Amino acid sequence: RFTGTSEMTLLWLSRQLWRHRVKGLLVTLVVTVVLMLLAIQSLQPDSTRGHPTESKRRRPPPLAFLKIHKTGSSTVQNLLFRLGEKEKAAFAFPYYTYQFAYPERPLLPQVAQRQRRGWKCAAQFDILCSHMRLDLAQLRQVMPQNTVFFTLLRDPVRTFESVFSYFTATVPAFAQAKAAAAVARKSALSVFLESPESFWDPGEIRNGLAKNPMCFDLGLNSQGWNASWPEDLAQLEDAFQLVMIAEHFDESLVLLGALLGLDHEDLAYVRLNARSAGSVATLDEGTVGRLRSWNALDVLLYDFFLQLFWEKAELYGLDRLERDAALLREAAERLRQTCVARRGVPPGDLEDLLRPWQTDTATVVGYELRANLSQQQQGRCVRLTLPELQYHAHLYFLQGRLDSLFTRPPPVDKGEHGIHLHRGGEHLRGKDGRGT
Ligand SMILES: Nc1ncnc2c1ncn2[C@@H]1O[C@H](COP(=O)(O)OS(=O)(=O)O)[C@@H](OP(=O)(O)O)[C@H]1O
């Protein structure tokens with residue numbers, strides 16, 4: 001796909017990256033950064049698509065999307081990345097990484113640190129959509145006053161199953177259940193659900209996702225029922241102009257489009273970060289019941305916002321919503337037909353640029369693009385399928401920040417090859433918190 005020296009370097013780097021995937025922490029991080037730089041520089045600029053409304057369209061307001069784990073949030077983030085890149089938006093990114101100090105919440109220091117270090121910073125941010133644990137007060141200080149806040153929820157049973165599968169090795173409560181399951185010769189999830197309390201230490205912050213993960217990401221007290229719950233929900237209802245629902249993804253996007261003045265072409269997407277069928281557990285009725293009871297606050301949260309969602313849908317008009325969702329599906333299907341040769345592609349078959357981050361316990365599939373795309377189509381199609389970490393790296397580069405990674409290092413460990421990396425090299429750390 002890429003030509004000449006760049007192609008040979010890429011091939012070499014690809015092999016190195018794959019070979020050292022598990023053990024080569026610092027070396028691989030350096031390789032990853034260079035690889036991203038080379039590959040991403042090869043992307044053609046996303047030239048405007050020239051549909052009739054393009055020139056007349058008003059610029060969307062500033063946006064803050066709370067990216068809640070395992071709800072379909074990477075699909076929405078990709079859409080915002082594409083939109084923001086086209087509009088030359090200023091992204092409020094975390095410092096050298098893809099998430100805001102998760103699961104801690106020092107959002108402001110992370111943003112301010114960049115400014116202190118002299119990175120090019122716009123007067124105000126247009127889009128914030130990286131993982132964080134919500135802290136409304138800080139978020140309001142970072143983003144302009146007229147920011148539109150929105151987020152996405154997913155059925156709590158499916159969300160937890162996905163969280164468990166993806167983070168089995170890194171959430172301590174899950175890892176302990178996995179160890180016990182190996183002895184009992186059962187699945188880690190079923191062992192965990194038999195007695196979740198016995199694996200769960202609520203004082204361990206890395207266990208945040210182990211119970212009511214959506215509430216946790218929303219910054220709520222997610223450990224159990226508490227008196228402030230109704231008030232907390234009311235605050236969220238106040239703060240978020242839209243809470244989308246993954247089970248009604250297209251309808252949610254139509255409502256988002258109406259809120260932001262976007263059309264179907266802007267909203268077209270492919271489903272990102274999906275696990276292979278083999279990584280998804282089949283849940284019997286008993287397991288579903290146990291999942292719902294362990295995640296009772298997430299169930300309440302979801303039911304509350306599902307009702308609100310339908311109220312918004314009724315205001316929009318249910319028939320109109322279905323019509324517009326059908327048009328969006330058509331636009332998305334056209335784009336998929338143009339771009340995608342094969343979906344559900346296992347990681348080993350994907351080129352590095354398009355390979356989603358993998359964990360030890362879940363296989364995440366991706367897309368193979370059609371051959372013979374024009375340069376313009378290639379730019380658009382690569383962006384459509386570009387996984388979260390790679391797209392972060394690309395936008396960092398565009399905003400002149402990856403450059404700073406090499407020329408203006410923060411206080412650091414000195415990595416191999418004499419290149420300074422931020423401590424632990426979080427910049428391109430994997431989504432389970434380990435290096436690549
Ligand atoms: N459009 C749409 N509709 C419904 N569901 C979707 C959609 N896009 C992604 N997904 C599913 O969301 C899961 C990935 O979620 P995230 O991208 O939020 O994960 S992450 O926290 O950023 O790693 C992942 O779920 P699992 O496959 O069950 O793990 C995706 O399949």
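Heavy atoms only: backbone and side chains are in, while hydrogens, waters and symmetry mates are out. As the structure lists them, so they are numbered: ligands from 1, and atoms in each ligand from 1. Fair warning: this is a prediction, and the values are worked out from it, not measured in the lab.
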Could you see which bit of [X] sits under 4.0 Å from ligand 1, with heavy atoms only: side chain, backbone, both or neither?
| X | value |
| --- | --- |
| R154 | side chain |
| E247 | neither |
| H131 | side chain |
| E388 | side chain |
| V280 | neither |

Q. Is a salt bridge present between K312 and E251, judged by a nitrogen-to-oxygen distance below 4.0 Å?
A. no

Q. Is R82 salt-bridged to E85, cutoff N-O under 4.0 Å?
A.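 Judged by the 4.0 Å cut-off on N to carboxylate O distance, R82 and E85 do not form a salt bridge.
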
What atoms of ligand 1 come within less than 4.0 Å of a heavy atom belonging to [X]?
| X | answer |
| --- | --- |
| A274 | 27 (O), 30 (C), 31 (O) |
| T75 | 8 (N), 9 (C) |
| Y269 | 1 (N) |
| L272 | 9 (C), 30 (C) |
| S162 | 25 (O), 26 (P), 28 (O), 29 (O) |

I'd like to know whether ligand 1 has [X] as a neighbour, heavy-atom separation below 4.0 Å.
| X | value |
| --- | --- |
| K70 | yes |
| W357 | no |
| I68 | yes |
| Q77 | no |

Might you confirm whether atom [atom1] of [X] has over 12 heavy atoms from other residues, nucleotides or ligands at distances under 6.0 Å?
| X | atom1 | answer |
| --- | --- | --- |
| Q307 | CD | no |
| D284 | CG | yes |
| K178 | NZ | no |
| R292 | CZ | no |

Geometric class of the [Y]/[X] ring pair [parallel <30°, tilted 30-60°, perpendicular >60°]:
| X | Y | value |
| --- | --- | --- |
| W229 | W225 | tilted |
| W294 | W200 | perpendicular |
| F160 | F192 | parallel |

For [X] and ligand 1, does the shortest N/O to N/O distance drop below 3.5 Å?
| X | result |
| --- | --- |
| R271 | yes |
| Y166 | no |
| F249 | no |
| S74 | yes |

Q. Roughly how far apart are Y102 OH and R133 CZ, rounded to 0.5 Å?
A. 7.5 Å

Q | Audit row: H69, F167, ring-ring contact (aromatic ring centres under 6.0 Å, His included) steps and yes/no | A | CA-CA 11 Å; H69 283 94; F167 295 110; 5.6 Å; yes

